[in-house]
Peer 1: 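Can you keep this structure in mind? I'll have questions shortly.
Bear in mind the structure is a predicted one, so any value in this text is a computation, not a measurement.
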Protein chains: 2
Amino acid sequence: MTNDSSAADFSSVVPKERRGLDPVDRRILELLQEDARMPNNAIAAAVGVAPSTCHGRIRALQDSGVIRGFHADVDPAATGRGLQAMIAIRLHAHARSNLATFKDYLARLPGVESIFFVTGDRDFLIHVALSDSEALRDLVAHNISVHPEVAGTNTSVIFEYVSVRRPAG
Amino acid sequence: MTNDSSAADFSSVVPKERRGLDPVDRRILELLQEDARMPNNAIAAAVGVAPSTCHGRIRALQDSGVIRGFHADVDPAATGRGLQAMIAIRLHAHARSNLATFKDYLARLPGVESIFFVTGDRDFLIHVALSDSEALRDLVAHNISVHPEVAGTNTSVIFEYVSVRRPAG
DNA sequence: CTTGAAATTTAGAGGTT
DNA sequence: AACCTCTAAATTTCAAG
């Protein structure tokens with residue numbers, strides 16, 4: 001006990017582990033990125049530590065926020081959303097004050113997979129997966145373009161989307 | 001009109017389970033998208049079936065390709081890649097024949113998280129996570145712009161990236 | 001196809017060197 | 001701080017409705 005220090009965790013993304021991240025930790029992260037359901041035993045063997053030690057490492061990585069979660073990768077087409085698109089959104093200059101609100105609005109729209117808040121001539125890029133072109137047209141016309149803060153949109157259909165997982169971290 | 005048309009569909013994203021996907025399956029997918037490490041027992045209880053049945057469902061979803069994998073979500077900043085960017089790439093018209101090769105080239109570049117092959121005025125959008133602006137500049141200048149097939153690039157820094165996971169599928 | 005229980009494997013905690 | 005052992009819980013297989 002007597003752990004008075006260390007807390008004071010505001011919200012931030014400040015790395016609790018000062019800057020460290022052993023080669024062992026990096027290897028564990030690699031493996032879990034490839035397969036989040038890999039057994040602890042197998043991971044321990046692969047990185048060369050005891051299962052117990054490996055388990056402690058993984059837990060620490062989760063607690064420190066390095067690992068943010070474990071998620072299943074589901075094929076959008078299999079769930080009836082076979083059409084993907086990238087929608088670039090430009091906002092009116094005066095509307096850029098409450099971006100968080102607009103972002104939340106986007107996050108609640110159907111079919112939105114991810115949101116990029118970017119610099120440049122566009123303000124937002126949103127990756128959507130929908131059932132068909134009609135759903136895409138409806139989304140853009142009825143839920144985005146009509147929004148008073150939106151100055152304009154530019155939609156590109158996605159032929160292929162590849163999520164890259166590199167071998168080395 | 002008979003359906004002779006379109007291209008020969010060798011490749012196969014054809015759903016094995018023709019169109020089926022029970023409400024139970026959809027619920028399982030929801031839960032696993034939120035937490036891929038959720039115990040099978042807990043999932044079974046949540047969807048209202050026996051653990052064994054639930055396990056069989058999950059296995060079937062994996063075998064049929066609906067679930068493509070389970071991956072850990074690792075904070076890029078924690079692994080020394082605190083700068084994210086979206087790089088739009090336009091190719092020369094004559095270079096659009098072997099897009100697959102160029103895509104593989106992109107996938108092997110350091111820091112590339114995902115690749116979007118899109119319609120419109122740009123051909124590719126790549127989402128990258130790098131250590132700093134110098135690394136970003138090096139990537140664009142030395143690995144992308146110099147590529148003979150590349151006609152031009154347009155880089156936008158990403159202030160915020162949100163991966164949206166909706167409650168309902 | 002679903003259920004229920006058994007056997008193997010794994011996770012997580014405590015104590016030791 | 002990493003390793004070993006132990007208990008509890010999970011996954012997976014097997015048989016039956």
Peer 1: Taking all non-hydrogen atoms of both residues into account, name the closest pair between N40(B) and C54(B) and its distance.
Peer 2: OD1-SG, 3.5 Å
Peer 1: Got a sec, which hydrophobics cluster with I158(A), joining ILVMFWY side chains under 4.5 Å apart, including via others?
Peer 2: M86(A), F116(A), V118(A), L125(A), Y161(A), M86(B), F116(B), V118(B), L125(B), I158(B), Y161(B)
Peer 1: Can you name the side-chain hydrogen bond (donor to acceptor under 3.5 Å, both in side chains) partners of E160(A), sequence neighbours left out?
Peer 2: K103(B)
Peer 1: Could I get the full list of side-chain hydrogen bond (donor to acceptor under 3.5 Å, both in side chains) partners for H127(A), not counting sequence neighbours?
Peer 2: Q84(A)
Peer 1: Which residues pass the side-chain contact (heavy atoms from CB on, under 4.5 Å) test with N154(B), not counting sequence neighbours?
Peer 2: A88(B), R122(B), S156(B)
Peer 1: Can you name the side-chain hydrogen bond (donor to acceptor under 3.5 Å, both in side chains) partners of D73(A), sequence neighbours left out?
Peer 2: R68(B)
Peer 1: Round to the nearest Å and state the distance from M38(B) atom CE to dA11(C) atom C1'.
Peer 2: 17 Å
Peer 1: Can you pull the salt bridge (charged side-chain N to carboxylate O under 4.0 Å, His left out) pairs that have at least one residue in residues 46-57 of chain A, sequence neighbours excluded?
Peer 2: D22(A)-R57(A), D25(A)-R57(A)
Peer 1: Could you pull out all residues at least two apart from D35(A) that satisfy side-chain contact (heavy atoms from CB on, under 4.5 Å)?
Peer 2: R37(A), M38(A), F70(B)
Peer 1: For F117(A), which residues count as a ring pair (Phe, Tyr, Trp, His ring centres under 6.0 Å) partner, sequence neighbours excluded?
Peer 2: F124(A), F159(B)
Peer 1: Kindly list each side-chain donor-acceptor pair under 3.5 angstrom involving residues 129-151 of chain B, sequence neighbours excluded, with atom names and distances?
Peer 2:
{"unit_1": "D132(B)", "atom_1": "OD1", "unit_2": "E134(B)", "atom_2": "N", "d": "3.2"}
{"unit_1": "D132(B)", "atom_1": "OD1", "unit_2": "A135(B)", "atom_2": "N", "d": "2.9"}
{"unit_1": "S145(B)", "atom_1": "OG", "unit_2": "V140(B)", "atom_2": "O", "d": "3.2"}

Peer 1: For the pair made of CZ in R37(A) and C1' in dT9(C), what is the distance, rounded to whole Å?
Peer 2: 15 Å
Peer 1: If you compare every side-chain N and O of R59(A) against the phosphate oxygens of dA13(C) (OP1, OP2), does one of them come in below 4.0 Å?
Peer 2: yes
Peer 1: Just to be sure I understand the geometry, which residues of residues 41-58 of chain A put a non-hydrogen atom under 4.0 Å away from DNA chain C?
Peer 2: N41(A), S52(A), H55(A)
Peer 1: To the nearest Å, give me how far apart CG (N40(A)) and C1' (dA10(D)) are.
Peer 2: 13 Å
Peer 1: For the helix from dC1(C)-dG17(D) to dT17(C)-dA1(D), what angle separates the axis at the start from the axis at the finish, each from five pairs, in steps of 10°?
Peer 2: 30°
Peer 1: Provide a list of protein-nucleic acid N or O atom pairs under 3.5 angstrom, restricted to nucleotides 15-17 of chain C.
Peer 2:
none

